[in-house]
Amino acid sequence: MRPNTVPRMIAAFAAVSLVAACSGENGTDGASAGGYPDQNITIVVPFSAGGPTDTVTRMIAEPMAAALGGKIVVQNVEGAGGTVAAGQVATARPDGYTVLMHHIGMSTAPALYKDLGFQPLEDFATVGLVTEVPMTVVARTGFAPATLADLTAYVKANAGTVTLANAGIGAASHLCGLLFQAAAGVKLQEVPYQGTGPALTDLVGGQVDFMCDQTTNTTGQITAGKVKAYAVTTPERVKSLPDVPTTTEAGMPQLQVSVWHGLYVPAGTPPEAVRKLSGALATALADPAVVDQMAKLGTAPVAAADATPEAHRAHLQEQITTWAKVIADAGVQAS
């Protein structure tokens with residue numbers, strides 16, 4: 001059952017530029033003529049401004065607005081691994097004007113939180129997948145291990161003193177860290193932060209030893225030599241980081257994870273609104289500027305067949321099942 005109260009919005013608004021639709025012969029603009037949208041659409045991002053999910057959202061917001069003939073506002077609502085924002089959207093009016101951008105955390109929340117307050121498959125309609133972002137295993141520049149194999153041996157020998165940073169329970173960096181510890185057969189001292197931004201800042205500053213983070217957040221730091229990169233967590237190397245081996249090449253094939261993102265609306269949203277949003281998403285993902293921006297950050301838009309409500313829902317269902325076992329095996333529970 002959905003909660004009866006909606007958490008207060010706690011983040012600032014950032015308007016995304018608008019490309020208006022051309023006027024029809026009767027002088028009515030494209031948005032009004034089609035019925036939807038005829039007011040601003042808000043995409044709620046569950047994490048801080050400037051983080052990986054926020055970055056991906058802002059890449060697609062403007063071309064989506066152009067395709068819809070309306071205006072999109074991006075709003076950051078932080079808290080509890082993305083569940084504050086998701087709970088807010090789950091209880092929003094199902095009219096197509098409140099949209100959620102969430103990542104892999106949507107599929108892990110049911111296993112992590114006992115009192116979640118919403119169910120991803122019941123309380124949301126899927127709009128389409130957006131991108132799958134590889135993760136990187138990175139460390140402070142002065143950290144002794146030179147390779148992923150060295151890192152594994154080092155953390156086993158120094159488990160009591162090595163610090164593994166993450167962006168909080170349920171964050172992608174936390175999930176990747178769980179998989180690393182399982183693969184290495186070690187339990188480390190984890191240091192949670194309120195977002196990947198401050199975690200990566202402290203890693204660059206040498207306050208923590210290593211972490212997993214998305215390429216959208218680490219590529220610039222790696223290429224600038226501000227952090228040491230051990231591996232990318234995907235089957236193939238990332239074009240923007242050609243010298244960084246995959247985890248399979250580096251001897252840890254068990255560590256395979258990418259951070260997929262998708263758009264959601266509250267359950268009960270009119271199918272026509274969902275269809276228009278999905279179509280606008282497909283248009284945005286085919287935009288050469290979006291493709292280029294994503295490539296520079298080590299990722300790419302999903303295939304057109306995956307930017308659909310049906311493909312997104314199937315993927316969400318599969319991921320909920322997969323991560324339930326991983327989280328149960330790790331014995332992790334969010335408060």
Side-chain angles (χ1 to χ4, degrees), residues 1-11 43-48 51-54 57 75-92 94 98-126 129 135 164-182 187-188 190-196 198-199 211-214 257-267 312-313 315-335:
M1 183 178 296
R2 296 184 185 179
N4 293 324
T5 59
V6 180
R8 185 182 294 261
M9 295 183 180
I10 59 173
I43 299 182
V44 178
V45 176
F47 307 104
S48 60
T53 302
D54 179 73
T57 304
Q75 182 185 36
N76 301 92
V77 179
E78 305 169 47
T83 61
V84 171
Q88 174 184 294
V89 175
T91 58
T98 304
V99 181
L100 175 70
M101 169 73 91
H102 208 337
H103 64 22
I104 192 172
M106 188 66 131
S107 62
T108 61
L112 283 169
Y113 294 87
K114 287 184 178 180
D115 300 313
L116 187 58
F118 64 86
Q119 292 300 319
L121 291 168
E122 297 174 10
D123 294 332
F124 292 91
T126 50
L129 294 170
M135 299 202 76
L164 172 61
N166 64 52
I169 291 178
S173 53
H174 174 239
L175 300 171
C176 181
L178 290 180
L179 290 179
F180 173 84
Q181 291 175 85
K187 177 63 178 174
L188 299 174
E190 297 185 66
V191 183
Y193 288 80
Q194 292 294 318
T196 53
M211 68 181 293
C212 292
D213 199 4
Q214 300 174 55
V257 58
S258 58
V259 185
W260 55 272
H261 296 75
L263 292 178
Y264 304 81
V265 289
H312 183 182
R313 183 175 177 82
H315 187 68
L316 174 63
Q317 198 158 22
E318 180 273 327
Q319 287 281 283
I320 288 173
T321 301
T322 296
W323 282 102
K325 183 179 186 309
V326 172
I327 291 167
D329 289 347
V332 178
Q333 192 74 57
S335 58

Sequence neighbours excluded, the answer for side chain to side chain donor-acceptor pair (under 3.5 Å) partners of Thr322 is Glu318
Which residues satisfy the side chain to side chain donor-acceptor pair (under 3.5 Å) test with Glu190, sequence neighbours excluded? Asn166, Gln181, Lys187
Under the side chain to side chain contact (heavy atoms under 4.5 Å, CB included) test, which residues partner Phe180, sequence neighbours left out? Leu148, Leu151, Thr152, Val155, Ala184, Leu188, Phe210, Met252, Leu255
For His102, the side chain to side chain donor-acceptor pair (under 3.5 Å) test, sequence neighbours excluded, returns none
Hits for side chain to side chain contact (heavy atoms under 4.5 Å, CB included) against Ala109, two or more places apart or cross-chain, chain-then-number order -> Thr83, Tyr113, Leu116
Pairs involving residues 324-334, ordered by first then second residue, that meet salt bridge (charged side-chain N to carboxylate O under 4.0 Å, His left out) (sequence neighbours left out): Lys325-Asp329
Considering residues at least two apart in sequence or located in another chain, which fulfil the side chain to side chain contact (heavy atoms under 4.5 Å, CB included) criterion with Thr98? Val44, Val89, Ala92
Got a second to check how far Ile104's CD1 is from Ser258's OG, nearest 0.5 Å? 6.5 Å
Output all residues satisfying side chain to side chain donor-acceptor pair (under 3.5 Å) with His312, sequence neighbours left out; order by chain, then residue number. Tyr264
By ring pair (Phe, Tyr, Trp, His ring centres under 6.0 Å), which residues pair with His174, not counting sequence neighbours? none
Contacts of type ring pair (Phe, Tyr, Trp, His ring centres under 6.0 Å), residue Trp323, not counting sequence neighbours: none
Going by the rule side chain to side chain contact (heavy atoms under 4.5 Å, CB included), which residues pair with Ala167 if we only count those two or more places apart in sequence or in a different chain? Ala171, Ser173, Thr196
